[in-house]
Amino acid sequence: MTTDPSATRPAASPTDRPRTLADPDTPFAVVDAYRARRNIERLARRADRLGVALRPHVKTAKSLDVAALLHDGTPGPVTVSTLAEAEAFADGGYTDITYAVGIAPHKLPRVIALLRRGVTLRVLLDSAEQAACVAGAARAAGIAVPAQIEIDCDGHRGGLRPDAPGLVGIGRVLHEAGCLDGVLTHAGESYFAHGAEEQRLAAENERDAAVAAAGRLRAAGLPVQVVSVGSTPTAHAAEDLTGVTELRAGNYVFFDLVMAGLGVCAVDDLALSVVVTVIGHRPEHGWIITDGGWMAMSRDRGTSAQPRDQGYGLVTDLTGRPVPGLVMTAASQEHGTLTARDGARLPDLPVGTRLRVLPNHACATAAQHQGYHVVDSARDTGPAPAIEAVWPRVNGW
């Protein structure tokens, strides 16, 4: 992927004219640091009240600068989705990392290399084959490879059911090699749980599954240190995490239209957007054309399954104020199509007008960009907010 110079260029020096959202070439990603901090503080307070450690998932932002907001600038526990992320965050001083994707045997040498650097890197597995590979690699290397058993709490993806016959056997293979660290589950179906009550029930089910699995292992005489649960919807809905040691979530730092559609957040909480430029009009179709297509926004259409379909994103002006009724309803590779809905009048936006688009899925949209131009809506509400910093993403997509 070719680096966009505008994504890595340092912010202007005090002697230069301050750069604003009117300056970089479009399309580019923007993070509102005020909203991100507010989102981070909200979940941190909740985890503290529930009495569990918070292990943020950094796969969404993939940024050391964003991660620095999570623990007051001090590296803390994080979750990653690739070993490239694990290596990049280890280089950034993070030493407590969970790699929350099932381990493949050929990746174990990279895991062991990080362990030898003093990084506590936990791996995830859900089969006897994986457990045997981890145990064998640990013995061969003479170093414990901390492993968590993935528990399936809702049939969403991978994992063992809490009552699976093979659970204890897998735990024993890991324990005998000094590798059993705990259990982990993710309520993936919570992304289809509409409203507070459905999300509360999903959080309760997530907790019960993880705690039950840990109980079975302990009853068999196997130590379970970590009982890890989490998704952005359940993390914000959980009321009782008795028996759980840590809570994971990642999307919450930025939030997105899918989360807003579920009621987990408000549109005003969305911290990530993409700046695009109007490049044309098709009045006979009621279209405004921009230079931001799916290469800028991603192809994710997560809100299409929700009562309110937001197309490819909601449109705001450069200050972040929504343009009434304006939605990005279609996308080709480099072109975005904006249309009006709900009886709104298509606004008169001349060629060259800059807009911001709020994404369906923050993780997918962020992955389309090399970095973020940072603004602070608490301090700057001018027509083109100042760019306070440029935060690069780590290599790990």
Side-chain angles (χ1 to χ4, degrees), residues 1-2 4-7 19-32 254-261 267-268 270-370 372-373 375 377 382-385 387:
M1 183 180 294
T2 302
D4 171 11
S6 70
R19 298 180 73 229
T20 74
L21 295 185
D23 292 318
D25 196 8
T26 54
F28 61 91
V30 175
V31 167
D32 184 335
F254 289 164
F255 279 131
D256 52 31
L257 291 172
V258 167
M259 291 296 110
V267 171
D268 186 56
L270 273 60
L272 178 69
S273 61
V274 177
V275 175
V276 300
T277 301
V278 173
I279 60 172
H281 305 86
R282 293 296 302 273
E284 70 274 24
H285 297 304
W287 296 346
I288 297 171
I289 309 300
T290 77
D291 63 353
W294 54 256
M295 283 293 288
M297 298 302 301
S298 88
R299 282 193 177 276
D300 196 288
R301 292 279 287 103
T303 59
S304 64
Q306 296 183 339
R308 184 66 156 172
D309 185 353
Q310 305 286 24
Y312 284 87
L314 290 181
V315 182
T316 79
D317 64 18
L318 275 191
T319 70
R321 288 190 295 266
V323 179
L326 197 59
V327 184
M328 181 177 170
T329 50
S332 55
Q333 183 167 336
E334 305 293 353
H335 294 75
T337 301
L338 313 183
T339 61
R341 68 179 178 191
D342 300 332
R345 183 177 180 180
L346 193 69
D348 181 15
L349 300 174
V351 168
T353 302
R354 291 191 173 210
L355 302 164
R356 289 162 72 176
V357 185
L358 302 174
N360 277 317
H361 185 181
C363 307
T365 297
Q368 304 301 110
H369 299 273
Q370 295 282 348
Y372 312 105
H373 291 73
V375 298
S377 62
I387 296 170

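Within the structure, every pair that satisfies the ring pair (Phe, Tyr, Trp, His ring centres under 6.0 Å) test and touches residues 273-321, not counting sequence neighbours, is listed here: His285-Trp287. Residue pairs meeting the side-chain hydrogen bond (donor to acceptor under 3.5 Å, both in side chains) criterion with at least one partner in residues 331-340, sequence neighbours excluded, are Thr329-Thr339. Applying the salt bridge (Lys or Arg N to Asp or Glu O under 4.0 Å) test to pairs two or more places apart or on separate chains, those with a residue in residues 282-298 are Arg282-Glu284.
Remark: the backbone N or O of Asp300 is paired with a side-chain donor or acceptor of Asn360 at under 3.5 angstrom. Put simply, the side chain of Thr303 gets close to the backbone of Gln310: a donor and an acceptor are under 3.5 Å apart. A donor-acceptor distance shorter than 3.5 angstrom exists from the side chain of His369 to the backbone of Ala296, with no hydrogens or angles considered.
Residues passing the salt bridge (Lys or Arg N to Asp or Glu O under 4.0 Å) test with Asp268 are Arg35, Arg38, sequence neighbours excluded. Residues satisfying the side chain to side chain donor-acceptor pair (under 3.5 Å) criterion with Thr290, sequence neighbours excluded, are absent altogether. For Thr353, there are no side chain to side chain donor-acceptor pair (under 3.5 Å) partners at least two apart in sequence or on another chain. Shown here are the salt bridge (Lys or Arg N to Asp or Glu O under 4.0 Å) partners of Arg341, two or more places apart in sequence or in another chain: there are none. With sequence neighbours excluded, the residues that form a side chain to side chain contact (heavy atoms under 4.5 Å, CB included) with Asp317 are Thr319, Arg321. With sequence neighbours excluded, no residue forms a side chain to side chain donor-acceptor pair (under 3.5 Å) with Thr316.
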Give the table of side-chain donor-acceptor pairs shorter than 3.5 Å for residues 342-351, with sequence neighbours excluded, one pair per line with atom names and distance.
residue: Asp342; atom: OD1; partner: Arg308; partner atom: NH1; Å: 3.4
residue: Asp342; atom: OD2; partner: Arg308; partner atom: NH2; Å: 2.3

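With contacts defined as side-chain heavy-atom distances shorter than 4.5 Å, the pair Ile387/Pro24 qualifies. Pro359 has its side chain within reach of Leu272: a pair of non-hydrogen atoms, C-beta onward, lies under 4.5 Å apart.
Between Ala22 and Leu318, the shortest heavy-atom contact is N-CD1, 4.4 Å. Between Ala362 and Asp256, the shortest heavy-atom distance links the atoms N-OD2, 2.9 Å. Across all their heavy atoms, Asp32 and Ser377 have their closest contact at OD2-OG, 2.5 Å. For the residue pair Ser273 and Arg356, the shortest heavy atom distance occurs at OG-NE, 3.0 Å.
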(message) Could you walk me through whether Leu21 and Arg354 satisfy the side chain to side chain contact (heavy atoms under 4.5 Å, CB included) test, starting with their C-alpha distance in whole Å, then the side-chain angles of each, then the deciding distance to 0.1 Å, before giving a yes or no?
(response) CA-CA 9 Å; Leu21 295 185; Arg354 291 191 173 210; 5.8 Å; no
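Distance check: Met328 CE to Ile288 CD1 gives 12.5 Å after rounding to the nearest 0.5 Å. Atom CG of Leu270 and atom CG of Leu314 lie 8.5 Å apart (nearest 0.5 Å). To the nearest 0.5 angstrom, Cys363 atom SG is 12.0 Å from Gln368 atom CD.
When Val327, Val276, Leu355, Ile289 are each tested for a side-chain contact (heavy atoms from CB on, under 4.5 Å) with Leu338, only one passes: Leu355.
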